Amino acid sequence: NAGVTQTPKFQVLKTGQSMTLQCAQDMNHEYMSWYRQDPGMGLRLIHYSVGAGITDQGEVPNGYNVSRSTTEDFPLRLLSAAPSQTSVYFCASRGHSYEQYFGPGTRLTVT
Amino acid sequence: TQLLEQSPQFLSIQEGENLTVYCNSSSVFSSLQWYRQEPGEGPVLLVTVVTGGEVKKLKRLTFQFGDARKDSSLHITAAQPGDTGLYLCAGYPGRAGNMLTFGGGTRLMVKP
């Protein structure tokens, strides 16, 4: 099992550009989430999904869109990148237990 | 203000010393978790505590959940350089929920 995979690992964008961060899991987990990690802030929840076709907002959803068309995939879209979105982004999934499995992260810089 | 406050933010100690990291909140949590994160990687779960007053041990690490389910602590005995990393507490607020909330983290450095 690959677990949770994320692509790309690094990305540099210019202000106003759009892009999609990919996330996939092969554990048949129902729950998937996107977090951003900034220095001293821990991880903050952006969006989450409790199953295919169902998504909801987390703590910091502005500027991001998500969709969940399959159990395996949960892409995060930045519609118009801003410097404030410079961060490290983590995707996570969990089954019916409390344990979340995290991907390796995407380091995004917006100039 | 974060829902979960961790202290200290940074800790630098010598190999062999003991340390305690705290995770506090004014809210009740249905469970609390501790994760460890190494540079360039995602967090990895160490333990989940679900019952008020619960104590769990993982080799040299001892985790405690407060009686009121509002706080937790992580104690490391005889720290080793391999314990170096970012320690994060996280929890599901309220009786249930899908929104895992994280503390700000404690960055630990253990010098040989």
Side-chain angles (χ1 to χ4, degrees), chain A residues 2-10 21 23-25 27 29-51 54-61 66 68 74 87-108, chain B residues 1-11 21-25 27 29-51 54 56 58 63 65 69 72 85-107:
Chain A
V4 180
T5 58
Q6 290 183 239
T7 57
K9 196 159 179 62
F10 301 96
L21 279 63
C23 174
Q25 53 93 7
M27 298 173 281
H29 284 168
E30 293 182 8
Y31 302 96
M32 295 188 74
S33 308
W34 275 103
Y35 295 86
R36 59 177 289 173
Q37 186 172 32
D38 303 297
M41 299 291 292
L43 281 80
R44 291 183 292 169
L45 183 65
I46 304 172
H47 285 285
Y48 66 98
S49 169
V50 299
I54 306 169
T55 64
D56 208 344
Q57 295 182 349
E59 182 185 354
V60 288
V66 292
R68 185 96 180 270
F74 191 42
S87 188
V88 182
Y89 291 85
F90 289 98
C91 178
S93 74
R94 73 176 178 97
H96 295 292
S97 73
Y98 291 111
E99 181 171 5
Q100 293 234 43
Y101 295 83
F102 285 84
T106 295
R107 187 173 294 274
L108 175 68
Chain B
T1 304
Q2 292 187 276
L3 197 56
L4 283 168
E5 297 285 342
Q6 278 188 246
S7 61
Q9 282 188 292
F10 302 96
L11 197 52
V21 176
Y22 299 94
C23 177
N24 295 301
S25 178
S27 300
F29 284 80
S30 58
S31 66
L32 274 179
Q33 302 179 325
W34 286 92
Y35 289 81
R36 181 165 168 260
Q37 185 179 19
E38 301 205 30
E41 299 181 7
V44 176
L45 182 68
L46 295 174
V47 77
T48 301
V49 285
V50 297
T51 305
E54 182 176 2
K56 280 192 174 179
L58 189 66
F63 304 87
F65 199 11
R69 307 208 320 274
S72 181
L86 179 66
Y87 289 82
L88 296 155
C89 69
Y92 294 96
R95 297 183 63 81
N98 296 311
M99 292 179 56
L100 186 64
T101 299
F102 280 82
T106 295
R107 192 166 296 281

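Numbered from 1 within each chain, the chains take letters A, B, ... in sequence-line order. Treat the numbers as computed from the prediction; the structure is a model and nothing was measured.
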*Given that the side chain runs from C-beta out, which part of B:V44 has a heavy atom under 4.5 Å from chain A: side chain, backbone, both or neither?*
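B:V44 has no heavy atom closer than 4.5 Å to chain A.
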
*asked:* For B:L86, which atoms come within 4.5 Å of any heavy atom of chain A: side chain, backbone, both, or neither?
replied: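 For B:L86, side-chain heavy atoms alone lie under 4.5 Å from chain A.
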
*asked:* At a 4.5 Å cut-off on heavy atoms, which part of A:Q57 comes close to chain B: side chain, backbone, both, or neither?
replied: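 For A:Q57, the backbone is the part near chain B, not the side chain.
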
*Partner residues of A:R44 under the side chain to side chain contact (heavy atoms under 4.5 Å, CB included) criterion, sequence neighbours left out*: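 Side chain to side chain contact (heavy atoms under 4.5 Å, CB included) list for A:R44, sorted by chain: A:R36, A:D38, A:M41, A:E59, A:V60.
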
*I would like to know whether B:Q37 and A:Q37 meet side chain to side chain donor-acceptor pair (under 3.5 Å); could you show each step before the answer?*
CA-CA 12 Å; B:Q37 185 179 19; A:Q37 186 172 32; 2.8 Å; yes

*Which one, B:P43, B:G104, B:G105, leads in non-hydrogen pairs under 4.5 Å with chain A?*
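Greatest number of close heavy-atom pairs with chain A: B:P43.
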
*Output the option from B:Q33, B:R107, B:Q9 having the highest count of non-hydrogen pairs under 4.5 Å with chain A.*
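Among the listed options, the one with the most contacts to chain A is B:Q33.
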
*Among the options A:R107, A:Q6, A:K9, A:E99, pick out the one with the most heavy-atom pairs lying under 4.5 Å from chain B.*
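Sorted descending by pairs with chain B, the first entry is A:E99.
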
_Nearest 0.5 Å, please: how far is OH in A:Y48 from CG in B:L100?_
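Reported value, rounded in 0.5 Å steps: 12.0 Å.
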
*Under the ring pair (Phe, Tyr, Trp, His ring centres under 6.0 Å) rule, collect the residues that match up with B:Y35, sequence neighbours excluded.*
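Only A:F102, B:F102 meet the ring pair (Phe, Tyr, Trp, His ring centres under 6.0 Å) criterion with B:Y35.
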
